[in-house]
Enquirer: 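Sharing a structure, written as structure tokens. Questions coming.
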Amino acid sequence: MTTILKMSYKASTPKGTRDFGPIEMARRDYIFNTIRDSFKLYGYSPIETPAMENLSTLLGKYGEEGDRLLFKVLNSGEPFSKIAPEELEDSNALSLRVCEKGLRYDLTVPLARFVVQHRNNITFPFKRYQIQPVWRADRPQKGRYREFYQCDIDVIGSDSLLNELEMVQIAQEIFKKLGVAITIKINNRKVLVALSQYIGHPDKLIAITTAIDKIEKVGFNNAKSELVAAGISEEGVEMLRPILSLSGSNTQKIAFLKEILSSSTVGLEGVSELEELFNLIESAGVGESVEIDLSLARGLNYYTGAIFEVKAAQVEIGSICGGGRYDNLTGIFGLPGLSGVGISFGADRIYDVLLATNTFPPATNLSTQILFANMGGEGVQATLPLLSKLRSMDITVELFPNNDRLRKQFDYASKRAIPYIAFVGSREIEDGEISLKNLKTGSEIKLPIEELDSIKEKIELLNL
RNA sequence: GUGGUUGUAGCUCAGCAGGUUAGAGCGCUAGUUUGUGGCACUAGAGGUCGUGGGUUCGAAUCCCAUCAUCCACCCCA
């Protein structure tokens with residue numbers, strides 16, 4: 001064993017990926033189950049898509065930055081055998097020659113592909129949920145992994161703002177169940193488009209939105225110099241100042257925007273969408289901690305309407321949930337005219353938040369209820385039928401496989417947080433009973449085998 | 001992609017104005033008469049000090065490179 005270890009390479013997972021042990025899995029299941037339960041409650045159905053998509057499906061959907069972060073999969077066989085020497089010089093072009101597939105970067109683009117491909121079998125509006133890992137070739141850091149799970153819901157084929165409302169409701173509900181304090185930020189891409197027109201630089205939308213996004217972090221003046229560097233006039237940037245430092249209630253913000261953008265058709269459209277959405281949110285009574293944030297400018301370039309982002313109030317970890325409306329994502333795959341909205345929950349970051357705030361429920365540690373000590377030969381024989389009986393009663397039991405010293409068996413039980421240990425040895429066999437001991441309190445009782453049906457009540461006694 | 005941090009036992013780390021056999025705590029293994037654990041005591045296993053060069057009589061310790069790591073930026077979940 002030791003020699004083998006010495007000879008082998010150091011065991012590790014690839015950069016930015018992790019293993020999940022039993023405790024982590026119990027906690028992750030708790031998160032996934034909570035999220036999934038809410039998704040189902042609102043009528044969403046599950047789908048799954050492959051880990052790999054054709055690279056052509058993925059490329060160009062996430063902006064330049066996103067393309068760079070795609071994990072590409074080398075073709076099998078001998079992909080380089082047909083490559084001419086001069087083709088080796090352009091590494092970008094080369095990677096497209098030798099890689100036809102890529103790992104999915106999110107769940108939204110695969111969904112768009114899925115919808116287009118299966119359009120004839122789908123009933124619209126299509127409400128689906130999807131919980132699967134995604135991969136990004138990012139540099140890992142706190143709260144950022146190269147493999148992480150997204151939990152998505154999307155509605156495809158309905159442009160009603162009721163869908164946006166539903167996203168907000170579900171986010172509120174899930175984080176309430178999980179015990180995470182949040183703020184939900186909402187903006188509208190049309191408003192951002194209108195703002196860029198308003199300051200006279202409709203072509204600089206991307207530069208403007210990314211700079212706007214930074215204002216909170218680096219301050220207005222730094223963002224301003226960045227915008228000026230991007231070729232935007234100083235007067236134009238100054239026009240943004242009152243808008244972005246806008247404070248007050250959501251209704252005040254809306255009123256102000258209406259005035260500023262009164263000459264812009266898209267702008268007014270965006271503002272009235274915001275207004276209508278907030279009216280719906282009020283009617284539904286889920287307006288707590290929901291605010292308009294004009295500095296919210298999600299980077300994924302397929303969003304066209306509402307955009308959302310959820311931040312944990314108590315933990316600094318980036319957004320734990322985000323999404324928005326995209327009017328024409330399926331159009332890229334040849335099926336125009338379908339509007340969709342979606343939101344994605346970042347399970348791994350939510351995990352980190354629950355861990356940091358210590359809000360995992362204690363029950364997530366529990367595995368086996370009763371460990372039967374291995375007392376050797378006849379004890380084991382007498383135990384086997386009891387195990388089946390207890391399992392049929394839906395009690396999680398296991399028998400220690402080796403006839404080790406009891407000290408060791410106790411050790412095993414306490415390390416696995418098994419609350420009860422049972423003995424069936426020669427004494428018990430003689431008296432036709434089992435001994436049952438509570439590891440925590442140390443109290444022990446005898447239970448006649450014919451009364452096994454009442455074991456649950458007997459266990460209650462042990463807890464006193 | 002840019003900048004910084006740190007790499008010593010399974011884990012957390014100490015050692016570092018260069019000097020004989022590299023340490024601690026926790027964990028692990030065995031034992032303190034194998035039908036009762038968590039405590040305590042005793043003993044033990046386990047490290048080519050991330051890797052490769054260099055400086056030096058001598059390097060875990062200084063220099064360079066490289067890889068890995070974590071953090072920040074970018075971007076995002």
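So that the names make sense, note that chain A is the first sequence line, chain B the second, and so on, each numbered from 1.
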Enquirer: Could you measure between the two P atoms, the one in B/rU69 and the one in B/rG37, and give it in whole Å?
Expert: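 Here B/rU69 and B/rG37 have their P atoms 44 Å from each other.
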Enquirer: Just how far, in rounded Å, is P of B/rU36 from CD of A/Q409?
Expert: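 Atom CD in A/Q409 sits about 12 Å away from atom P in B/rU36.
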Enquirer: Using the side chain to side chain contact (heavy atoms under 4.5 Å, CB included) criterion, which residues pair with A/Q132? Sequence neighbours excluded.
Expert: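 Expected list: A/E48, A/T49, A/R104, A/L107, A/Q130.
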Enquirer: Do A/F400 and A/F372 make the cut of ring centroids closer than 6.0 angstrom?
Expert: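 Centroid separation for A/F400 and A/F372: 6.0 Å or greater.
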Enquirer: Measure the distance from CD on A/E65 to P on B/rU2 and round it to the nearest whole Å.
Expert: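 That distance rounds to 13 Å.
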Enquirer: Would A/F39 and A/S45 count as a side-chain contact (heavy atoms from CB on, under 4.5 Å) here? Give the steps.
Expert: CA-CA 8 Å; A/F39 288 175; A/S45 311; over 6 Å; no
Enquirer: Do A/R349 and B/rC76 have a side chain to base donor-acceptor pair shorter than 3.5 Å?
Expert: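 Present.
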Enquirer: Decide yes or no for A/I170 and A/E173: does some side-chain heavy atom of the first lie under 4.5 Å from some side-chain heavy atom of the second?
Expert: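 A/I170 does not reach A/E173 side chain to side chain.
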Enquirer: On a whole-Å scale, what distance lies between the C1' atoms belonging to B/rC75 and B/rG10?
Expert: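 Straight-line distance between the two C1' atoms is 36 Å.
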Enquirer: May I ask you to check if A/R28 and A/F20 form a cation-pi contact, with NZ or CZ under 6.0 angstrom from the six-membered ring centre and within 45° of the axis?
Expert: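 Yes.
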Enquirer: Quote, to the nearest angstrom, the C1' distance that separates B/rA45 from B/rA30.
Expert: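 These two C1' atoms come out 10 Å apart once rounded.
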Enquirer: Are the side chains of A/S319 and A/E309 in touch, meaning some heavy atoms are under 4.5 Å apart?
Expert: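 The answer is yes, as the side chains (C-beta and beyond) meet within the 4.5 Å cut-off.
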Enquirer: Who passes side chain to side chain contact (heavy atoms under 4.5 Å, CB included) against A/T57, sequence neighbours left out?
Expert: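 Partners of A/T57 under the side chain to side chain contact (heavy atoms under 4.5 Å, CB included) test: A/E53, A/N54, A/V109, A/R113, A/F333.
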Enquirer: Can you tell me how far P in B/rG52 sits from the matching atom in B/rG44, rounded to whole Å?
Expert: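 Each nucleotide's P atom is 32 Å from the other's.
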Enquirer: Within the side chain of A/S158, is there an N or O that forms a donor-acceptor pair under 3.5 Å with the backbone of A/P125?
Expert: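 Answer holds: no.
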Enquirer: How close or far is atom P of B/rC73 from atom CZ of A/R68, stated in whole angstroms?
Expert: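 Between P of B/rC73 and CZ of A/R68: 16 Å.
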Enquirer: Hey, which of these two, A/T13 or A/G66, hits RNA chain B nearer its 5' end, going by closest nucleotide?
Expert: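 Between the two, 5'-proximity favours A/T13.
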Enquirer: Classify the nucleic acid contact of A/K15 as base, sugar-phosphate or nothing, counting any heavy atom under 4.0 Å across all strands shown.
Expert: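 If one applies the 4.0 Å heavy-atom cut-off, A/K15 turns out to touch the sugar-phosphate alone, with no base involved.
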Enquirer: A/Y303 ring centre to A/R189 NZ or CZ under 6.0 Å, with the angle to the axis within 45°?
Expert: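 No, cation not above the ring by the 6.0 Å, 45° rule.
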Enquirer: Take the protein atom CD1 of A/I421 and the nucleotide atom P of B/rU36, then report the distance between them rounded to whole Å.
Expert: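 Atom-to-atom, A/I421 to B/rU36, this comes out as 12 Å.
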Enquirer: Heavy atoms under 4.0 Å, any strand shown: does A/G143 hit a base, just sugar-phosphate, or nothing?
Expert: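 Touches a base.
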Enquirer: Can you tabulate the close N/O pairs, meaning under 3.5 Å, that link protein atoms to atoms of nucleotides 25-29 of chain B?
Expert:
residue : atom : partner : partner atom : Å
B/rC28  : OP1  : A/K415  : NZ           : 2.3

Enquirer: When all nucleic acid strands are considered with a 4.0 Å heavy-atom cut-off, which category describes A/Y145: base, sugar-phosphate, or nothing?
Expert: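 The answer is base, as A/Y145 lies within the cut-off (heavy atoms under 4.0 Å) of a base atom.
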Enquirer: Taking B/rG38 as the reference, what is the distance to B/rU33 when you measure between their P atoms (whole Å, please)?
Expert: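 The same atom, P, in both gives a distance of 13 Å.
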Enquirer: Would you mind reading off the distance between A/E316 atom CD and B/rA72 atom C1', rounded to a whole angstrom?
Expert: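 These atoms are roughly 13 Å apart.
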Enquirer: What does the list of N/O pairs under 3.5 Å between the protein and nucleotides 31-35 of chain B look like, with a distance for each?
Expert:
residue : atom : partner : partner atom : Å
B/rU32  : O4   : A/R407  : NH1          : 3.1
B/rU32  : O4   : A/R407  : NH2          : 2.8
B/rG35  : O2'  : A/R427  : NH2          : 3.3
B/rG35  : O6   : A/S426  : N            : 2.8
B/rG35  : O6   : A/S426  : OG           : 3.2
B/rG35  : O6   : A/R427  : N            : 3.0
B/rG35  : N1   : A/E428  : OE1          : 2.8
B/rG35  : N1   : A/E428  : OE2          : 3.4
B/rG35  : N2   : A/E428  : OE2          : 2.6

Enquirer: Report yes if the distance between the aromatic ring centroids of A/Y129 and A/Y44 is under 6.0 Å, otherwise no.
Expert: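 Not under 6.0 Å, so no.
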Enquirer: For B/rC70, does either OP1 or OP2 sit under 4.0 Å from a side-chain N or O belonging to A/Q141?
Expert: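 No, no such contact exists.
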Enquirer: Check ring-ring contact (aromatic ring centres under 6.0 Å, His included) between A/Y149 and all other residues, then give those that pass, not counting sequence neighbours.
Expert: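 Result, ring-ring contact (aromatic ring centres under 6.0 Å, His included) vs A/Y149: A/F32.
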Enquirer: On the six-membered ring of A/Y145, is A/R18 placed so that its NZ or CZ lies under 6.0 angstrom from the centre and within 45° of the ring axis?
Expert: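 Satisfied, under 6.0 Å and within 45°.
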Enquirer: Hey, which sits more toward the 5' end of RNA chain B by its nearest nucleotide, A/F410 or A/G346?
Expert: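 Nearest-nucleotide comparison on RNA chain B picks A/F410.
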Enquirer: Just by distance, do the side chain of A/N163 and the backbone of A/V155 share a donor-acceptor pair under 3.5 Å?
Expert: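 Not confirmed, A/N163 side chain does not pair with A/V155 backbone.
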Enquirer: When all nucleic acid strands are considered with a 4.0 Å heavy-atom cut-off, which category describes A/L439: base, sugar-phosphate, or nothing?
Expert: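 If one applies the 4.0 Å heavy-atom cut-off, A/L439 turns out to touch a base.
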Enquirer: Any stems for RNA chain B, made of 3 or more Watson-Crick or G-U pairs in a row, each with both distances under 3.5 Å?
Expert: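 Paired runs of 3+ in RNA chain B: B:1-4 with B:70-73, B:10-13 with B:23-26, B:28-32 with B:40-44, B:50-54 with B:62-66.
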Enquirer: May I have the distance from A/D67 (atom CG) to B/rG1 (atom P), rounded to whole angstrom?
Expert: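 After rounding, the gap between these two atoms is 15 Å.
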